[in-house]
Amino acid sequence: MTMTTTAIPAAAPDGPPRRRRTPILQILFGDLIAAGLTVLTGALVLSLLPALRWGVLDAVWSTADPGRCGAGGACWAFVAAKIRFILFGVYPADEQWRPLAVIGLVLAMVLVSLPPRHWGRRLLAAWGVAVGAMLALMWGGFAGLPFISTANWGGLPVTLLLAILSLGLGFPFAVTLALGRRSKVPVPRFLSVLVIETTRGMPLVGLLFISSIMMPLLLPAGWSVDKLGRTLAALTIFAAAYLAEVIRGGLQGVPDGQMEAARALGIPVWKAVWHVALPQAIQKVIPPLTNTAIVMVKNTSLVLIVGVFDMLSAGRTAASDPVWPAPYAEGYLFVGAVYFLICFAISLYARWLEGRVQEKDIR
């Protein structure tokens, strides 16, 4: 009996075969669907040409003469003239270096916090010190800095502080509510469900009004919380309720066997939750956590209805200046662009972080 062998062809000396490139015409007009999408895209681009003419070609860029605005083009000169008011609100002009320093501190802390290798107790302590320094700079009243009441705070620093503090303070409450809702003890489970469902069933606008009007009535005699503090309390409760449901979903995805193994090894329950369950749960819910963070950043624009002077309020007030011919579109576009940059940056970072987690899981 003879055995026949088949020779395996040797690999090409030039390495793996090159990827075949599809001609651009085939991509754009290869079939009926592709051709239709190409035509629709072209029509959309053509429809944007008048906006390009309005925003660039016919735009007014010089701040010398406000009367030139309103001739048909965008009045970007208004944004240049009012940018300090939009970014810092009614904060005293001579002290506006302080909110600018707060913005710089926020950016610095965010950049330091991006690499996962920096995460830990030291980073948490650094955030606590940084937030304390931000609030101290905004308030003043020490080292020769004049005291500035929160009634004069405004613009981008208020937006950033409300977003950071509501998410930072709401996260521990969210973890507590998520664990309480999964608890087998009736009382913590009932209280957690009550807080979560009541908050999630109420619009943020209503919660802001309740916090602004009802909180002073519920406090003991002689106690008072300023408007910014009451707004922060409402945003924190709102963020905690939504984050709690996200974290609870992640905890449900952690196999029960891991917690049982931790108990079998004699690890205390709180350590098992902190070191075993929570890290895995948070890794599983990075996209919805990102979505909640973006929603909270955008929700800070609603605080204008209770009189807090955030960036959107500053832009709206600046557009009412009678010297300028009602450049509402330009002011709102600038404020919207700032919100977009913040939210888009959060989205990009979350996508990178999710890809990094998936790579580790594969390895």
- Message: On the six-membered ring of Tyr91, is Arg98 placed so that its NZ or CZ lies under 6.0 angstrom from the centre and within 45° of the ring axis?
- Response: no
**Message:** With a 6.0 Å cut-off (strictly less than), is the heavy-atom count around OH of Tyr332, excluding the residue itself, greater than 12?
**Reply:** yes
| Do other residues, nucleotides or ligands put more than 12 heavy atoms under 6.0 Å from the CZ atom of Arg316? | no
Counting only heavy atoms not in Leu111, do more than 12 fall under 6.0 Å of its CG?
yes
- Does Glu330 come within less than 4.0 Å of Lys82, counting only side-chain N to carboxylate O? no
query: Considering residues, nucleotides and ligands other than Trp352, do more than 12 of their heavy atoms fall under 6.0 Å from its CH2?
result: yes
Just checking Phe173: does its CZ atom have more than 12 heavy atoms from other residues, nucleotides or ligands closer to it than 6.0 angstrom?
no
Next on the checklist: Taking Ala163's backbone N and O only, do any of them form a donor-acceptor pair with Ser166's side chain (distance below 3.5 Å, no angle check)?
Outcome noted: yes
Q) Between Arg189 (side chain) and Arg181 (backbone), is there a donor-acceptor pair under 3.5 Å? A) no
Residue pairs meeting side-chain hydrogen bond (donor to acceptor under 3.5 Å, both in side chains), one or both in residues 209-222, sequence neighbours left out, come to none
Using a cut-off of 6.0 Å, state whether more than 12 heavy atoms not belonging to Arg200 lie near its atom CZ. yes
### Query
Just wondering, more than 12 heavy atoms not from Leu46 lying within 6.0 Å of its CG?
yes
Indicate yes or no: does Arg248 engage Glu245 in a salt bridge with an N to O separation below 4.0 Å. yes
Ring pair (Phe, Tyr, Trp, His ring centres under 6.0 Å) with Trp153: of Phe147, Trp139, Phe88, only one passes, and it is Trp139
In this structure, would Phe340 and Ile86 fall into the same cluster of hydrophobic residues linked by side-chain contacts under 4.5 Å? no
